[in-house]
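Count residues from 1 along the sequence.
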Amino acid sequence: MLGKMAAAVTTFACLVVLSNLQVYEATEVPCSQVNGIVNGTVYLNPKRSVPEEYKQITWWFNESLTILTKKCDQPVSYPNGSFHTKLRYHENHTLEIKQLQKQDSSTYRMDVEDSQSQEKSERIRLDVYV
């Protein structure tokens, strides 16, 4: 009897751990890798699809600095002036970065807020080499 109870508790514990892993996998933000060279150009192309009717797209540098904001049916806004001359936003939601410098190496994040105010993120790691 005690052996059956221990087996049931062990099975239950395993199921709890597995269900938590599945939840973690479903909410984990994907991250891809892009490499560039100094004075070159890279394209940060998100893998996730963006809904046709979104509220806002925001690109971040280093997880804390907003470098681009695009509201649906409005022009692109570049809140940080130092990036404005280096960036170009394409209609397929790709971010082009020109005149790369070593200090442009970082994690870039694209947040998409859909029409129901649900937000999804994608991270792209950029490494710039000499």
Side-chain angles (χ1 to χ4, degrees):
M1 177 78 169
L2 194 57
K4 288 183 180 180
M5 186 173 249
V9 169
T10 302
T11 302
F12 177 75
C14 289
L15 289 173
V16 168
V17 169
L18 288 174
S19 67
N20 284 338
L21 284 175
Q22 289 176 339
V23 169
Y24 177 75
E25 287 177 18
T27 59
E28 185 179 347
V29 176
C31 188
S32 53
Q33 175 74 37
V34 174
N35 296 319
I37 58 170
V38 170
N39 295 321
T41 300
V42 293
Y43 298 88
L44 305 185
N45 187 12
K47 304 294 182 227
R48 285 191 173 192
S49 62
V50 175
E52 280 190 42
E53 294 190 23
Y54 61 89
K55 281 188 180 177
Q56 180 170 294
I57 295 173
T58 306
W59 276 93
W60 299 81
F61 170 78
N62 205 20
E63 298 289 330
S64 60
L65 182 65
T66 304
I67 57 173
L68 182 149
T69 303
K70 172 72 170 95
K71 293 184 179 184
C72 193
D73 298 327
Q74 292 186 14
V76 175
S77 167
Y78 300 92
N80 186 304
S82 65
F83 275 91
H84 177 66
T85 59
K86 299 172 61 94
L87 301 179
R88 181 172 176 220
Y89 179 78
H90 294 270
E91 289 304 312
N92 68 352
H93 313 294
T94 296
L95 183 64
E96 177 181 349
I97 307 174
K98 302 178 278 189
Q99 304 163 7
L100 287 172
Q101 298 301 311
K102 187 78 173 134
Q103 62 266 25
D104 294 329
S105 294
S106 185
T107 298
Y108 292 77
R109 186 179 81 223
M110 182 184 80
D111 294 338
V112 178
E113 183 181 356
D114 66 20
S115 57
Q116 286 81 40
S117 297
Q118 297 291 319
E119 194 169 277
K120 294 193 179 184
S121 298
E122 182 172 343
R123 288 178 172 82
I124 301 174
R125 173 71 198 171
L126 170 62
D127 288 316
V128 179
Y129 298 96
V130 179

Shared hydrophobic cluster for [X] and [Y] (ILVMFWY, side-chain gaps under 4.5 Å):
X	Y	value
Leu44	Val38	yes
Trp60	Leu95	no
Ile37	Val130	no

Mind telling me whether Tyr78 and His84 have parallel, tilted or perpendicular rings, with 30° and 60° as the class edges?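 Ring orientation, 0 to 90° scale: perpendicular.
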For atom [atom1] of [X], decide whether the heavy atoms of other residues, nucleotides or ligands shown that lie under 6.0 angstrom number more than 12.
X	atom1	value
Lys55	NZ	yes
Glu53	CD	no
Arg125	CZ	yes
Gln74	CD	yes

Verify side chain to side chain contact (heavy atoms under 4.5 Å, CB included) between Leu65 and Phe83, making sure each step is shown before the conclusion. CA-CA 10 Å; Leu65 182 65; Phe83 275 91; 3.8 Å; yes
Any chance the side chains of Asp111 and Thr58 put a donor and an acceptor closer than 3.5 Å?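 On atom types as modelled, these side chains do not qualify, holding no pair under 3.5 Å.
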Say whether Ser121 and Glu119, considering side chains only, have a donor N or O and an acceptor N or O under 3.5 Å apart.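 The criterion, which ignores hydrogens and geometry beyond distance, is not satisfied for Glu119 and Ser121.
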With a 4.5 Å heavy-atom cut-off, do Leu87 and Val76 have their side chains touching?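 The answer is no; the side chains never approach within 4.5 Å.
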Using modelled atom types only, decide if a donor and an acceptor are shared between the side chain of Thr69 and the backbone of Ser77 within a distance under 3.5 Å.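 Here the side-chain-to-backbone pair does not exist.
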Please check if the side chain of Lys71 supplies one atom and the backbone of Pro75 the other of a donor-acceptor pair under 3.5 Å.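 Not confirmed, Lys71 side chain does not pair with Pro75 backbone.
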Check whether NZ of the Lys or CZ of the Arg Lys102 lies under 6.0 Å from the centre of the six-membered ring of Tyr129 and within 45 degrees of that ring's axis. yes
